[in-house]
Amino acid sequence: MEESRKKSRMVSHEEMERQREYTAWIRTENERYFTENGCRPRAFVLTLGCQQNEADSEKLAGMAMAMGYEMTQTPEEARLIMVNTCAIREHAEQRALSLVGQYKHLKAKNPELVIVICGCMVVQEHRINDIKFKYPYVDILFGTSSIHRFPELLCEKLRRGRRILRSDETEYLVAEGIPVHRESGFRAWVSVMYGCNNFCSYCIVPYVRGRERSRKKEEIVAEVRKLVAEGYRDITLLGQNVNSYGKDGGEEYDFADLLSELDEIEGDYWLHFMTSHPKDASRKLIDVMASSKHIARHFHLPMQSGSDRVLKAMNRRYDFEKYIGIVDYIREKMPDAVITSDIIVGFPEETEEDFEATLNALRRAKFDMIYSFLYSPRKGTPAAQMEGQIPAEEKSRRFDRLLAVQNEISLASNKPLEGKTLRVLCDGISKNNASFYSGRCEGGKIVFFEGEPSDTGKFLNVGIERGDTFALYGTVKR
Ligand code: 5AD
Ligand code: SF4
């Protein structure tokens, strides 16, 4: 077994066994707490950022529960607080710092509280220094490469009482066998690979999540098979660029092959995946999707800009023509596919003409929905050094213009769904409007309807009565 592991990229069995020993030690301590206090010590995890971080937080919670903690939604009652940070934009970092700032008084009230900060933000040297000097009540800091060593770090803190601020390893590995506590009983994340090699000039991810490394297909297939058997209905395969899956292992087996193999698993479920980089979204992948039973007809394909000049400066390695060729091929093979995208507004030296090229690209591509972002300079990335940074007000003006164009397109993509019946996975009572239930269709569009408690986690057929810009409204066909 050990032989078949790609030793260079995997955390060893021995290392994982060591972590289980630390876990057991803390569990014994927490059992004692339980005996003395009549309740389990509680742990709270706060997650900022992307789905990969959500998945990592489910591991943090899984490890905490294995160590004898009970999860809580209330930081005030926790003995262990974990903040899983994001670095993608300045706003996310400021939020993390402000939240950590709010926990200062909890520590003052309860000196036994352990505060942990981890994730992408604290891989950066200047943020480690911020935590070290400005947030002395943070007990443990570790980066994305050390998540599997959380039990060891917590154990060291509890035994010796000293602060642990751990810089990231230079080598980023794949750790298998970390316990996971999934938030939902019907939607699940499954990482297929970690890291990114692309170095888009604006992006911090390659600096904070290391180089690409794929999980072994056997591990992924086994995990998905188990989830389907447990009744999970929507499984999202995660990777910074899933199209690179397998390339680091030098094998022929690629992401399309993985999808084909997963699609063979019997059951009633959807398989989603994200994110695809357009530079290597293959026809093979689209063909596999089109002929599959379980792969959702949803393609998230970040375009970032419609201007070839900006795409080049972003180091995206495709032009608009290549990009739109993929969109056209998806629509040719799957006319009802939902296509979504990411757009960055106000990249350095983006001219009015470049920006208009993006607006025209939106009109041509007709995305069902976009996630749009104001360009945020990230320390250490090439784009942050570029001349011609766009003033904040101009970025906001362009952002509003972008949304105005996209909102019309989104509305036009939702209107024709009126009168149709869609299969919807019900999430339960809507968080935004308690008089409705909400769910998502295969393409990820939000659907509101009148539901029943027993609908949660089930597939429903919903007759769509109204298609709006951001959501669909309908009635369940019972
Ligand atoms: N500023 C603004 N948006 C960014 N993204 C990544 N880096 C930045 C940045 N520095 C966006 C991209 C990416 C999405 C996840 O976040 O659009 O696709
Ligand atoms: Fe960032 Fe580009 Fe990698 Fe996506 S592909 S994580 S945008 S560097």
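Just follow the structure's listing: the first ligand is 1, and inside any ligand the first atom is 1.
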- Task: Work out whether the distance between some heavy atom of Arg209 and some atom of ligand 2 is less than 4.0 Å.
- Result: no
Atom 18 (O) of ligand 1 sits nearest the protein heavy atom Asp342 OD2, 2.6 Å
Ligand 2 to Arg316, heavy atom cutoff 4.0 Å, flagged ligand atoms 2 (Fe), 7 (S)
Determine whether any heavy atom of Leu374 lies closer than 4.0 Å to an atom of ligand 1.
-> yes
Problem - Asn243/His277 under side-chain hydrogen bond (donor to acceptor under 3.5 Å, both in side chains): CA gap, chis, key distance, verdict - result: CA-CA 7 Å; Asn243 299 322; His277 194 305; over 6 Å; no
The closest protein heavy-atom partner of atom 3 (Fe) of ligand 2 is Cys196 SG, 2.3 Å
- Item | Min N/O separation Arg378 to ligand 1 under 3.5 Å | no
Atom 17 (O) of ligand 1 has as its nearest protein heavy atom Gln304 OE1, 2.6 Å
Heavy atoms of Leu411 and Thr469 approach each other most closely as CD1-N, 3.7 Å
* Asked: Given the side-chain rings of Phe142 and Phe150, with only the six-membered ring counted for Trp, is the space between their centroids under 6.0 Å?
  -> yes
Gln240 heavy atoms within 4.0 Å reach ligand 2 at atoms 6 (S)
Taking only non-hydrogen atoms of His277 and a 4.0 Å limit, the atoms of ligand 2 in range are 5 (S)
Counting heavy atoms under 4.0 Å, the part of Pro206 that contacts ligand 2 is side chain
Ranked by distance from atom 3 (N) of ligand 1, the top protein heavy atom is Arg89 NH1, 3.2 Å
* Count the heavy atoms of every other residue, nucleotide or ligand shown that sit under 6.0 Å from CZ of Arg95, and state whether that count exceeds 12. => no
Pair Tyr375 and Phe347, ring centroids less than 6.0 Å apart
yes
Within the 4.0 Å heavy-atom cut-off, what Val205 brings close to ligand 2 is side chain
For atom 7 (S) of ligand 2, the closest protein heavy atom turns out to be Tyr202 OH, 3.3 Å
Looking only at protein heavy atoms, what sits closest to atom 5 (S) of ligand 2 is Asn198 ND2, 3.5 Å
Which is it for His300 and Tyr371 under the ring-ring contact (aromatic ring centres under 6.0 Å, His included) test, yes or no, and what are the steps along the way?
CA-CA 10 Å; His300 182 62; Tyr371 300 87; 5.6 Å; yes
Is it true that Arg182 and Glu223 have a side-chain N and a carboxylate O under 4.0 angstrom from each other? yes
Exercise. So does Gln94 have more than 12 non-hydrogen atoms from other groups sitting under 6.0 Å from CD?
Worked result: yes
Of all protein heavy atoms, the one nearest atom 10 (N) of ligand 1 is Ser376 O, 2.8 Å
Atom 8 (S) of ligand 2 sits nearest the protein heavy atom Cys200 N, 3.4 Å
Closest to atom 7 (N) of ligand 1 among protein heavy atoms sits Tyr202 CD1, 3.3 Å
Is the distance from the ring center of Phe299 to that of Phe273 below 6.0 Å? yes
Discussion item. Using ring centroids (six-membered ring only for Trp), state whether Phe199 and Tyr207 fall under 6.0 Å.
Written reply: yes
If we number the atoms of ligand 2 from 1 as shown, the ones under 4.0 Å from a heavy atom of Cys203 are 1 (Fe), 6 (S), 7 (S), 8 (S)
When every non-hydrogen atom of Tyr323 is compared with those of Pro302, the smallest separation belongs to CE1-O, 3.9 Å
